[in-house]
Each structure stands twice: as C-alpha cells, then as structure tokens.
Protein chains: 2
Amino acid sequence: MSDARDKDPAARRPRRGPRVRATHPAATSFITRTIPPYEMLSEDLLATIEEQSDLILEEIGLEIRGDADALGLWRAAGADVDAAGRVRVPRGLARAIVRRSAPATFTQHARNPARNVTIGGRSTVFAPAYGSPFVSDLDGGRRYATLADFHNFVKLAYLSPWLHHSGGTVCEPTDLPVNKRHFDMLHAHMTLSDKPFMGSVTTAPRAADSIEMCRILFGAEFVDRHCVILGNVNVNSPLVLDGEASRVIRTYAAANQAPVCVPFILGGAMGPVTTAGGLAQCFAEAVFCVALGQLERPGSPAILGNFLSSMSLRSGAPTFGTPEPALAYFAIGQLARRLGVPLRCGGNLCGSKLPDAQAASESANSLWPAFMAGANFVLHAAGWLEAGLVMSYEKFVMDLDQCGAFHVIGAGLSLDENGFALDAFREVGPGKHFLGSAHTLRNYETAFFDAELADNNSFEQWAQEGAHDIVWRANRRWRTMLEAYQPPPLDPVVGAALRDFIDERKAGMPDAGY
Amino acid sequence: MSDARDKDPAARRPRRGPRVRATHPAATSFITRTIPPYEMLSEDLLATIEEQSDLILEEIGLEIRGDADALGLWRAAGADVDAAGRVRVPRGLARAIVRRSAPATFTQHARNPARNVTIGGRSTVFAPAYGSPFVSDLDGGRRYATLADFHNFVKLAYLSPWLHHSGGTVCEPTDLPVNKRHFDMLHAHMTLSDKPFMGSVTTAPRAADSIEMCRILFGAEFVDRHCVILGNVNVNSPLVLDGEASRVIRTYAAANQAPVCVPFILGGAMGPVTTAGGLAQCFAEAVFCVALGQLERPGSPAILGNFLSSMSLRSGAPTFGTPEPALAYFAIGQLARRLGVPLRCGGNLCGSKLPDAQAASESANSLWPAFMAGANFVLHAAGWLEAGLVMSYEKFVMDLDQCGAFHVIGAGLSLDENGFALDAFREVGPGKHFLGSAHTLRNYETAFFDAELADNNSFEQWAQEGAHDIVWRANRRWRTMLEAYQPPPLDPVVGAALRDFIDERKAGMPDAGY
C-alpha cells in the first residue's frame, strides 16, 4: 500500500476544521516515542516463546469453523487442514507469511489529514474504550447505553487532545436494532468527529457496509490504496476462529484495510492459568489471524492484538491491571517488534465498579506496561470501567489526563542547553530560589504537564471550595466539554450521500436483535 | 564492611517471632528483581548528564554552612573551599571519591535476621511514607499525628508482607516535645516491629542517640561492623548543605551506618524548571553528600537519593506522579548504576487530599517509574497523601496492594515447562475451557496476584453488599489488621536497657519545641 496522497478527491480536499487542540505543547495527532521500549527478555528467551507458539500451531493447531475459503488459503499456503477444519501450521510458517508482506508501519487516514495516525514503529495511538453495553455517570448512575451516549463519547474523544482516534463501538447503542447499529455508529464517527475510527466486526456483511461507507467518505479509489478503517476481531480462544471472524478479517484485508487480531484470553478459562502459556497461545492465535489477512491480500495492513486477563482467586471473575498481564505486555511487545508488525494493547483497563482508587490503580497498572511495551495502538485508553461492561463518563475524562501524561513521557528528556539550565545556576547560585530567574520565566509555561482534573491547591482552599474528590471534578469537566462541542465541517454532498446509503440499506432489511 | 555474621551476641540470637507473612507466594523479605531495569538513555547521554553535574560542582559548587570539619575533609580531598564555605569540586572528583569506596550493595540488618534487607544491585526494599505532620482516616478525618498514630503505622508496616522496612518518621508524633520524639520513635521501631528502620536526622546529637540505641539493641561491636540503621538527610537545595545536615551525614557514616542523601528539588523553586537541569543538580548534590560520607569513613554504606517534584502551573503547588519526575527517575536510575551506589526513589507519591482516583493515578505514576528505574530503596511506598502532609490510614493499606503487585512484576515470567503449559493445550484443545484441566488445578492457587482490596465481584453482588468503594474496604482492612497485631518477642534484658537509656536521656534535658 502507498501512503502518498494521490489524485482522489478526498485527498485534495483542503484541511478544515479545528486542529488538534493545543492545550499543552505535548499535544500531537499521535505520540512519536523518543524513549525506547522496555526490553524485558533476552533474544534467546523470545525465541523460546516463538518456539512454544509454533509448537501450539503445529501440534494442536487452530480450528476455523465454517469458512471454506479461509481453510483453502491455509491449505494452499502449506498448512495441514483436516476435515474438521483444524489447521495445523508447520513451525515458522505463520510468522514467515506475516514477515513476508505485512507492513511494519502504516498510516490510518482520517478525513482531516491533520488527524492521520501512524501505526507501528515508534508511534503510539490512543483510542477510547470499546464494546460496553452500559454507561454510567455520577448523576444518572449505571444504565444501558444508547445512541445518545454513543454520540457523547464520540464528541468527547473528538474534543480531547490526548485521544488520537475515535475508536469503534465506544458503547453499544442498545436502543437500536442489533443488525443496524453499525450504520449509526459509523455515521457518528464520520460526521461528529474527524479523527480516524473503527468499523463493524460482528458479521462480514456489516464489515463490508463499514468499508462501503468509507468509500463514500474518502472515495473508492483512495480506500483501495490507503488504510482508512480498522476492524477489531476477537479470536474465540482457545484456538478457534469462527467463520464469521475469519470472514471479517478477510473482508478488511481484501479491501486493504486493517484487521486488529485479538485473542481474548482469561487465564485459567480460555487459556492456561500460567502467564507464559497464555502468552504463547496469544501470540500463536494472533499471528495466525494476521497471516490469514496476508494470505487474503498480501501487503494489507494489520495489527497484532492481545487481551490477556488474570482471574480473581476469590470470585473467579476476570481481573485487570494485575501484574501478570503487565509481564505479558512486555514480552509481547518484544515479540511484535521481532515479527515486524504493529502491536495493540489494552489501555486503562480495570475491574472496579466505580471510578475510585481501585479503578485508577488498575488502569495505571495496565497503561504503564502497555506504553512501556511499545504498544502502537492502545484501545480502551479512556472510559473503561467494570471489566469493560461500563463506559463511564467520569472515568473517560479522568483517563484523558493519564493519556496526556504519556505524551510527555514519550517525548523524553530534553538534554539540550536550555534543558540543562546552566545559565539559571549561574544566575541563582546556592541557597536562592529559581522562581524569578530568566530561565524559569522563559520556560515556565511549557515546563510541566498539568493534569486538568488534579487538585493541587492547599487543603484549606480545597476544603473551602467544597472538598470534592476527582469524580466530582470529572463530572463537571465532561459536561463542560460537551457544552462546548462544535462538529467539524463536512462536505454536505458527502454527508447526504452517507445518509442516503444508510437509509437505503436500513430500509432493505427488517430489524433484528442479533 | 562485612556482612558475615560474627560473634556478637545479637548475631547469635536465634530467629524468633513471626516470619514474613506468606499471604502470597511472592512475599519475600525484600524484592530481588529478575527483570532488568529500564534503560532510557544511551551511555553518551548519561555521560553528558554527568558532565553537567560536574560543571555545577566545579563552577558553582555547594555551600556547607557551619561545619568546619566537613569543609576540612573536602579541602583535604582536593576541593577548592573558600572563606564563605563554598566548596568547588574539580570535575569528576566527587564521583571518583564515591567510586573508590562506597559499597554498591550492602545489607541492612534487622533484629530478626529473617528481615534483613539487601540494599543495592537487583534488590528493591519498600518502606512506609515519612515525615507527615498530619494523619487521616475515614472516620476521624484529618488531624495532627500523635505517638498513638505512629505506633499504629509501625504495627501496620510490621504486619504487611509487602513492606520490607519499618521506615523512620512514619508520621510526626506531635504530642511529644520535638527534642525527645526520636527516642519514642526509635523505641517503637525497635519494640513493635522486627523489621529494619531509620533514625533521627534533625540534629547530629539525635542521630547519635539513634545509633546509641542500636548499640543497645544489636551490640556495639556488631553495629560498628554492620549497617543497622539508615538516616534520611535532605540537602537544602539549591546547592546548600547546612551544617546540621552535614554533621548528620558524618555521624551516620562515622558509625558505619547509611546516610540516605536526598536533594529536595521542587522544579522552578529549589532548582531549574526544566527536568534535565533539576536532574543534573540533584545528581550533583547527592553525589556531593555521598562523597562526604566516604571522606568521613571510607567504605561506609550510603544511598543516593533524589526527590524531584514538578509544579502546578495553576497554583504553584508541588505536584506528584507527574511525567517529568518519572523521566528523571529513569535517568537517575541509570546514573546510580554507572556510579555503583544504591538508589533511593519516592514510591506512592501524590498531591491529592483524598485517597481517591487522583491519589491512585499519581501514586502509580510515581511507583512505576521508581520500580522500573531500578530503585533499591523506595521510601514513601505506603500511606503518602496530600504532598506528604498527611499519612492516611486508608491510603496506607491501599498502597500495600500496589507494593505487593511489584513483587510479582519483579519476579518476572516463569518460562519453564510448567509455565508454557503444553500439557494443558494437549489436554484441552481448541474451543474447550481450561478450568478443570490438570495444569490449572496444579497452578491455580499460585497463578495470580490478588489485590486484597480490589472488588471483582459482579455488579449485582457488589451492590447487594453495599456498593462500597475501595476506601470503605481499606478502612475495614487496617482496623482488622491492627486488631490482629501481636508484637514480635524482644529479649526483656534488651527491652529494659532501651527503656533505661531513654529515661536517662530524657531526664537529662528539658522539653523543647525545636
């Protein structure tokens, strides 16, 4: 695929709408890390994990259930495919297929080119949480999500300088028929935001609809040559890829769009209870899916995903922000770099029912290793609560601050003359303070990241102002943000074409709850 | 110094009292990291920081105010000392002094040898927060700390498997005269706990009292040959070491005990507003102090400290858990390793007034980089609230869970046959679950870290149980812990000798409020 803009009308459209809101000098359309990723394991140990992963693919294999074309692709590639749909892949083959043609880095284009994101290499892209049936906020409590909520979260993600991506199913619009939700979700991403987004993955025809809408937004020729949409596809771990999932992967790949291939492994249930085993399985399943996309269309973009969760010994419930997935992140980051494909990790994951300190600790314990592992696409970077069942308005804006901080960490230390400030030491000397020094005045405003929701006032002032916790401030914050929302301009011809497409497709099918 | 136990009576005393409470297989008397520290900067850039630090020491220098002996030591070592007490150190000299004799690793002995901690190298030791005038809890709110609070926190630290150290001034016993507090604080550490501890640093005679009490507890000969106490000494940044602080450093060093040398730099006030400058200053000041200890007694143990905080642009207040100190931690971790001395970092630091999500995010954003930087001694690992003004009972036990998690992260991945679980894949195969597999049953109980205060029950069950947040659970937790407290046994002869010493010393001086 080529990233050079071509003669497609969408590409020639001038830059419009608000640029990334520069609330901080660190705000950028995506993070380009100048600090290296954390290298936890030696090359020897990484090779050992690859071998274990190969062993799983060769000896146990994956089952593809009900997609003869996918089985045919694997058979043609040299895998052993039996009558039950079990695909046993000779060791090294899946990784070789990926290495041969999958791009290490690609651009996902946004309708506003200033919002384009690079996925892979030293870049990190933050996207909102995905897939929750519920929403919650301080006033309204926990309730089923609606399209109105969906709109709100697309707007909030658009307004934040710290999210680079509009995400996908930011919450389930449960007030719409299941078989038509994707139209309204895509329409919201395309019209209420100008950041890049994700499409439907629940069935192959819905994936195709999503891509078709992109052709209207970007132009068909442009879409065939550039990545404009991601599809987040879960493996039915352990070791099963149902036919719908494999067709969705192939649908995105065939259109030169990027499937995000994500084994979903709750250790002890969908995978072994030991982290190394879950890691080897996760890598095997993800590589298998990325390879399938390459077999469908060599050179199409893809992201290697992983979702490894631990389990509470007391309740058997999935747990998040625990140390075992952190270690797995570090390892899979290294494996993805060895393989040469972009990596997805989960962001601010947590199990807490409330946006309290449990939620914040767990989230940080997930985002830190994701970032240090070198994750290129961080899904669930904002809003995730209650093991993903809930998209929380307050948690969303609290997480934004955390995403913001990683812009500064990713940028690293400025070790230049101004950074070292020798002139300040010369001016100030021992025992004096730097507050009024020329160096301080020159650098004060850009020196420190200031989390919007952190209260650092004195105890007395804070008490006088009501002694509020961060959730209270977060509640005011997201309401203020929504009040200030203005949609980015959209070519009315494109807007009408999208509307017509949706109306026609909806009219052509009865409502369905599946 | 020698770590071999010798013929001192204290060394021959049999192991007594409860061992580290094994609530989790990861619980150990200190963490030995099998994962490598994070290497952010190249050797070239580290050398650049050392050069800047040397430049500060050579051109600006440090002032020692009112300690002629310290000035004499520096003059004899080759520094330029002027009449005003300004010490200008030829470039490279301070680091050379440290390299020549400071131990890279040493053992701090506890009165229960099972609690001995290794400080340096791949070890990490967690100690409680230090120095707050206030305490708070959910029921009693925020109030001045008393000796009863001090006792409570020593007990809680003793009871936790995740803290390896009893700390020092875990809170200020403000109900006691300032000049006599150290006796009661040391007595609490020595009698209510059997973990290693820290001594007084407010004046040199109080430091000497602290060491004298150790001689009663451990035996004088043992103390002269082994590290049994740490003293946390702050530099009067920028670039001033007051005579009391320099005498305290020399008092600990002369007794072969370990000063923790900690520049306290709020960027923009006590140092430049840019991180690189604060880092170079911090390193210069800390190396200067560690070197002073070596000049006093070559080979005595020491810890290189740092306390770099950022500032709120809105209020000018110090901020914690922000990205700039995180970057500084990574760099200073590398600098300490190059120098070959143990490193102290701050742990769960935060600015929040409440143990809410602000506190938890900030704390994690401080503990993560401290741990990944390879910090050997993590002060403020539990309880710190409100920029250190408050020791919070609930935050204390919440932080314990976070310290626990790093035991698992530090232990790294088990990449052995059991870890890879190939037998489980063979048993289970595609599409089945691992819950009942032999591998799961064999590993279930030790597989995952379970944070005590995390609630991972279903929403319904959690709601039925009262829909509590983590602070509520933390409140129950510390109360339950204190109820279960039993003091570790102490030789009654030693106990009486300590009591006699304190009574005599207290009787010999009038109460004073300074």
Side-chain angles (χ1 to χ4, degrees), chain A residues 35 38 40 45 52 56 60 63 239-240 268-269 272-274 276-277 280 310-313 315 317 319 322-323 327 351 353-358 360-361 364 368 398 405 408-409 413 415 419-421 424-425 430-431 433-435 439-440 443-444 447-450 454 456-457 459 462 469-470, chain B residues 35 38 40 45 52 56 60 63 239-240 268-269 272-277 280 310-313 315 317 319 322-323 327 351 353-358 360-361 364 368 398 405 408-409 413 415 419-421 424-425 430-431 433-434 439-440 443-444 447-450 454 456-457 459 462 469-470:
Chain A
I35 64 170
Y38 175 57
M40 181 176 72
L45 289 173
Q52 290 289 325
I56 293 170
I60 321 283
E63 235 172 79
L239 303 171
V240 172
V273 79
T274 47
S310 49
M311 191 198 282
S312 165
L313 294 176
S315 65
T319 52
T322 46
L327 291 167
K353 264 69 73 183
L354 296 170
D356 63 354
Q358 179 186 339
S361 296
W368 264 98
M398 288 156 59
V408 178
I409 290 172
L413 280 176
L415 297 175
F420 279 122
F425 291 109
H433 68 70
F434 288 71
L435 290 172
H439 180 269
T440 299
N443 289 280
Y444 182 71
F448 297 124
F449 178 77
D450 211 2
N456 290 298
N457 291 330
F459 178 82
W462 169 80
D469 73 1
I470 192 172
Chain B
I35 65 171
Y38 174 57
M40 182 176 72
L45 289 174
Q52 290 290 325
I56 294 170
I60 322 282
E63 234 172 81
L239 303 171
V240 172
V273 79
T274 47
T275 306
S310 49
M311 190 198 284
S312 165
L313 295 176
S315 65
T319 51
T322 47
L327 291 167
K353 263 68 73 185
L354 296 171
D356 62 355
Q358 178 186 340
S361 296
W368 264 98
M398 287 157 60
V408 178
I409 290 171
L413 280 176
L415 297 175
F420 279 122
F425 291 109
H433 67 70
F434 287 70
H439 180 269
T440 300
N443 289 280
Y444 183 72
F448 297 124
F449 178 76
D450 212 1
N456 291 296
N457 291 330
F459 178 82
W462 169 79
D469 73 1
I470 191 172

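Within the model, atoms CD1 of A:I35 and CG of B:L327 stand 6.5 Å from one another, a figure rounded to the nearest 0.5 Å. The CZ atom of A:F448 lies 8.0 Å from the OG1 atom of B:T274; values are rounded to the nearest 0.5 Å. Rounding to the nearest 0.5 Å places CH2 of A:W462 at 7.0 Å from NZ of B:K353. With values rounded to the nearest 0.5 angstrom, B:I56 atom CD1 is found 3.5 Å from A:F425 atom CZ.
Contact count against chain A (heavy-atom pairs under 4.5 Å) is highest for B:S361 among B:G351, B:S361, B:A317. When the candidates B:V240, B:T275, B:I409, B:T319 are compared by the number of heavy-atom contacts under 4.5 Å with chain A, B:I409 comes out ahead. Most heavy-atom pairs under 4.5 Å with chain A: of the set B:P323, B:A364, B:A424, this distinction falls to B:P323. Comparing B:A269, B:S315, B:P355 by heavy-atom pairs within less than 4.5 Å of chain A, the highest count is held by B:A269. Interface summary for chain A: among B:A360, B:P272, B:A421, the most heavy-atom pairs under 4.5 angstrom belong to B:P272. Put simply, of A:L239, A:V273, A:T322, A:N443, the one with the most heavy-atom pairs under 4.5 Å next to chain B is A:V273.
Side-chain atoms of A:L435 and B:M311, non-hydrogen and from C-beta on, do get closer than 4.5 Å to each other.
With a 4.5 Å cut-off on non-hydrogen atoms, B:A280 touches chain A through its side chain but not through its backbone.
Among all heavy-atom pairs drawn from B:P430 and A:E63, the shortest one is CB-OE2, 3.9 Å. Closest approach of A:M398 and B:A357 over heavy atoms only: CE-CB, 3.1 Å. Residues A:S312 and B:Y444 come closest through the heavy atom pair O-OH, 3.7 Å.
Classified by interplanar angle (parallel below 30°, tilted 30° to 60°, perpendicular above 60°), the ring pair A:Y38/B:Y38 is perpendicular.
B:D356 places a side-chain N or O within 3.5 Å of a backbone atom of A:I470 that can act as its donor or acceptor partner.
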